[in-house]
Amino acid sequence: MANKNLSLNAIGKLVESEKFLENTEYVAQFLLGKLLIVDSNGCLLGGRISETEAYLAKDDEASHSFRGKTQRNAAMFANGGTIYVYRSYGVHYCMNIVSESENIGAAVLIRSIIPLLGVEIMKFNRKTENLKILCNGPGKLTQALGITIYDNYKIINESNIFLLDDGCKPDFMATKRIGISKSIDLPLRFVII
DNA sequence: ATATGGATGCTCT
DNA sequence: GAGCATCCATATG
């Protein structure tokens with residue numbers, strides 16, 4: 001425990017929990033360049049967030065929260081900083097970080113990270129040696145990091161999943177979101193340039 | 001380099 | 001029973 005915090009402190013400082021209470025588009029942009037790190041049985045896995053998408057509480061038909069709270073999306077209505085994981089296409093898991101306050105229903109989907117820590121373990125988890133395709137998709141990064149539905153409802157920085165700020169302030173651009181069929185024109189996808 | 005279709009399981013109508 | 005916030009293998013230019 002003390003060791004883990006020591007090694008995390010050497011990488012950067014934990015993102016303050018109040019940050020997740022800000023509005024969702026801001027959180028989605030803020031998360032770019034931050035380090036997403038998972039303590040997997042004592043091994044640190046993770047990398048730098050390079051792509052996010054905002055899913056809003058209001059007027060966003062593509063958001064899981066659009067039709068209200070259900071058993072599946074309940075974590076999305078928890079307080080900002082909660083992790084919302086769901087199964088996608090019956091095959092993969094996708095990971096979101098809830099934004100804003102309790103009962104709002106907004107979150108940021110982590111779409112891609114640049115692998116930095118525990119690369120050999122992530123290669124094993126993904127069954128590939130190719131760094132380019134290790135974590136470059138929402139289903140891929142959860143597989144690389146070992147994130148599953150059991151991580152649903154965990155709290156960032158109060159579990160084995162951490163967000164760190166090492167001072168990186170990347171340039172980014174906004175584009176349309178990917179892989180959805182409703183509200184497809186909203187510029188709510190953010191990518192490091 | 002881009003396009004396609006299959007795998008897969010769970011939620012909601 | 002439909003429809004997915006995906007990925008990969010395969011097929012073609």
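Here is how names work: the chains are called A, B, and so on, in the same order as the sequence lines, proteins then strands, and each is numbered from 1. Remember, predicted model here, so these are calculated numbers, not experimental data.
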Select base, sugar-phosphate, or nothing to describe what A/N96 touches, counting heavy atoms under 4.0 Å on all strands.
base
Connected to A/M76, directly or through other members, by ILVMFWY side-chain contacts below 4.5 Å are A/Y55, A/F77, A/Y84, A/Y86, A/V98, A/L109, A/I180, A/I184
Watson-Crick and G-U pairing of DNA chain B, under 3.5 Å, as dot-bracket with | and [ ]
|||||||.||||.
Backbone N/O of A/A78 and side chain of A/T82: donor-acceptor pair under 3.5 Å:
no
Are the side chain of A/N152 and the backbone of A/I149 linked by a donor-acceptor contact shorter than 3.5 Å?
no
Report the distance from atom CG of A/N103 to atom OG of A/S65, rounding to the nearest 0.5 Å.
11.5 Å
Nucleic acid contacts - residues 86-93 of chain A versus DNA chain C, non-hydrogen atoms under 4.0 Å
A/Y86, A/S88, A/Y89, A/H92
Tell me if a side-chain donor or acceptor on A/E53 pairs with a main-chain N or O of A/R111 at a distance below 3.5 Å.
no
With sugar-phosphate meaning primed atoms plus P, OP1 and OP2, does A/M95 contact a base, only sugar-phosphate, or nothing at under 4.0 Å between heavy atoms?
nothing
Is a side-chain donor or acceptor of A/R177 paired with a backbone partner of A/A54 at a separation under 3.5 angstrom?
yes
Rounding to a whole Å, what distance do you find between A/F66:CZ and B/dT11:C1'?
17 Å
Toward the 5' end of DNA chain C, by each residue's nearest nucleotide, A/G137 or A/S181
A/S181
Worked verdict on A/K154 versus A/N160 for side chain to side chain donor-acceptor pair (under 3.5 Å):
CA-CA 9 Å; A/K154 284 185 179 174; A/N160 63 323; 2.9 Å; yes
Give the residues of residues 105-135 of chain A touching DNA chain C, defined as any heavy atom closer than 4.0 Å, sorted by residue number.
A/L109, A/R111, A/R126
Roughly how many Å is it from NE2 in A/H64 to C1' in B/dT11, rounded to a whole number?
10 Å
When you measure from the side chain of A/T142 to the backbone N and O of A/M95, does any donor-acceptor pair fall under 3.5 Å?
no
Donor-acceptor check, side chain of A/S183 to backbone of A/E61, threshold 3.5 angstrom: yes or no?
yes
Chi angles and distances behind the side chain to side chain contact (heavy atoms under 4.5 Å, CB included) call for A/L35, A/L163:
CA-CA 6 Å; A/L35 297 159; A/L163 274 169; over 6 Å; no
Using salt bridge (Lys or Arg N to Asp or Glu O under 4.0 Å) as the criterion, list what pairs up with A/K140, not counting sequence neighbours.
none
Nearest 0.5 Å, what's the CG-NZ distance between A/L188 and A/K176?
12.0 Å
Reported CG-to-CZ distance for the pair A/L32 and A/R48, which is rounded to 0.5 angstrom:
11.0 Å
How would you give the extent of chain A contacts on DNA chain C, as first and last nucleotide 5' to 3' within a 4.0 Å heavy-atom cut-off?
C/dC4 to C/dC8
To the nearest angstrom, how far is A/Q71 atom CD from B/dC10 atom P?
12 Å
